[in-house]
Amino acid sequence: MLKRPSLLVTLAAFAALGFAAPASAQKGEPSSDSSKCSRYKKGSDAWKKCTATGLIEGTSDQELYYAGYWLARTGQYAKALSYLNQAQVKDERILTYIGFATRKLGDHDTAMGFYARALTMNPNYTVARAYLGEAHLERGETAKALDELAEIGRRCGKACVEFKELEAEIAKRT
């Protein structure tokens with residue numbers, strides 16, 4: 001698995017935004033924090049959204065990205081998707097992690113579409129290319145993974161993190 005910013009860096013950034021994942025999110029369960037959600041009529045769509053994710057209206061896309069990223073990186077893929085899919089503007093980072101979580105849940109075909117959308121937005125986003133390479137490996141498509149590795153090399157060089165990590169994944173699987 002490719003390594004993005006360390007969990008400590010991610011958690012520090014997460015905390016710096018003043019956003020803390022609810023304890024329920026850490027366990028992968030709906031939030032029952034009625035104090036945050038009590039401003040909504042119980043049973044309303046807004047209340048259901050708040051109690052399901054621990055989020056309230058006004059959560060920024062940046063906060064949703066960090067929450068989704070953190071949850072995905074800790075193996076809570078379905079919960080990560082619940083955060084990432086709430087983003088109003090799905091940039092290449094959010095699309096990539098939707099693809100990542102979707103792939104980890106076993107839906108490679110849908111994940112490939114999210115990686116493609118991310119790369120359409122930003123062909124230089126080598127994180128998406130590296131995860132796409134991993135997806136190709138998981139599908140037994142080593143030649144396509146090598147193509148992505150070469151593309152990453154052209155875009156950021158052989159010393160960049162994404163190149164080194166995808167190269168290591170290819171070496172482990174071939």
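- When all heavy atoms of D61 and V89 are compared, the closest pair comes out as OD2-N, 2.8 Å.
- For the residue pair H136/E148, the side-chain donor-acceptor check at 3.5 Å is not satisfied.
- Note that the CG atom of L81 and the CD atom of Q86 stand 11.0 Å from one another [nearest 0.5 Å].
- Interatomic distance, CZ of R154 versus CG of N124, reported as 12.0 Å (0.5 Å rounding).
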Apply side-chain contact (heavy atoms from CB on, under 4.5 Å) to T142 and R173, showing your working.
CA-CA 9 Å; T142 304; R173 297 174 192 234; over 6 Å; no
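- Panel note: side chain R129, backbone E162; no donor-acceptor pair is recorded below 3.5 Å.
- To the nearest 0.5 Å, atom CG of residue N122 and atom CG of residue L95 are 11.0 Å apart.
- Remark: aromatic rings of Y66 and Y69 are distant, center separation not under 6.0 Å.
- Taken to the nearest 0.5 Å, the OH atom of Y83 stands 9.0 Å off from the CD atom of Q76.
- A donor-acceptor contact shorter than 3.5 Å links the side chain of K90 to the backbone of N85.
- Taken from CD in E169 to OG1 in T174, the straight-line distance is 10.5 Å, to the nearest 0.5 Å.
- Rounding to the nearest 0.5 Å places CD1 of I94 at 8.5 Å from OH of Y65.
- Between the side chain of T74 and the main chain of L71, a donor-acceptor pair closer than 3.5 Å is present.
- Nearest heavy atom pair, residue T126 against residue C156, reads CG2-SG, 3.9 Å.
- One finds no salt bridge joining E167 and K164 here, because no Lys/Arg side-chain nitrogen approaches an Asp/Glu carboxylate oxygen to under 4.0 Å.
- Nearest heavy atoms, I152 versus C160: CG2-SG, 3.8 Å.
- R103 and Y115 share a donor-acceptor pair across their side chains, judged by distance under 3.5 Å alone.
- Between Y131 and F100, the two ring planes are tilted [angle within 30° to 60°].
- Looking at S60 and Q62, their side chains never bring a donor and an acceptor atom within 3.5 Å of each other.
- Nearest heavy-atom pair, G133 versus L166, reported as atom, atom and distance to 0.1 Å: C-CD1, 3.9 Å.
- Looking at every heavy atom in both residues, F163 comes nearest to G157 through CB-O, 3.5 Å.
- Salt bridge annotation for R139-D109: present, with a cationic side-chain nitrogen under 4.0 angstrom from a carboxylate oxygen.
- Side-chain contact between E138 and K104 is present, with heavy atoms from C-beta onward closer than 4.5 Å.
- Scanning both residues, A128 and A118, for their nearest heavy atoms gives CB-CB, 4.2 Å.
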Can you list the steps and then say if Y125 with T96 is a side-chain contact (heavy atoms from CB on, under 4.5 Å)?
CA-CA 9 Å; Y125 192 52; T96 297; 3.3 Å; yes
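- Looking at heavy atoms from C-beta onward, L84 lies out of side-chain contact with L64 at the 4.5 angstrom threshold.
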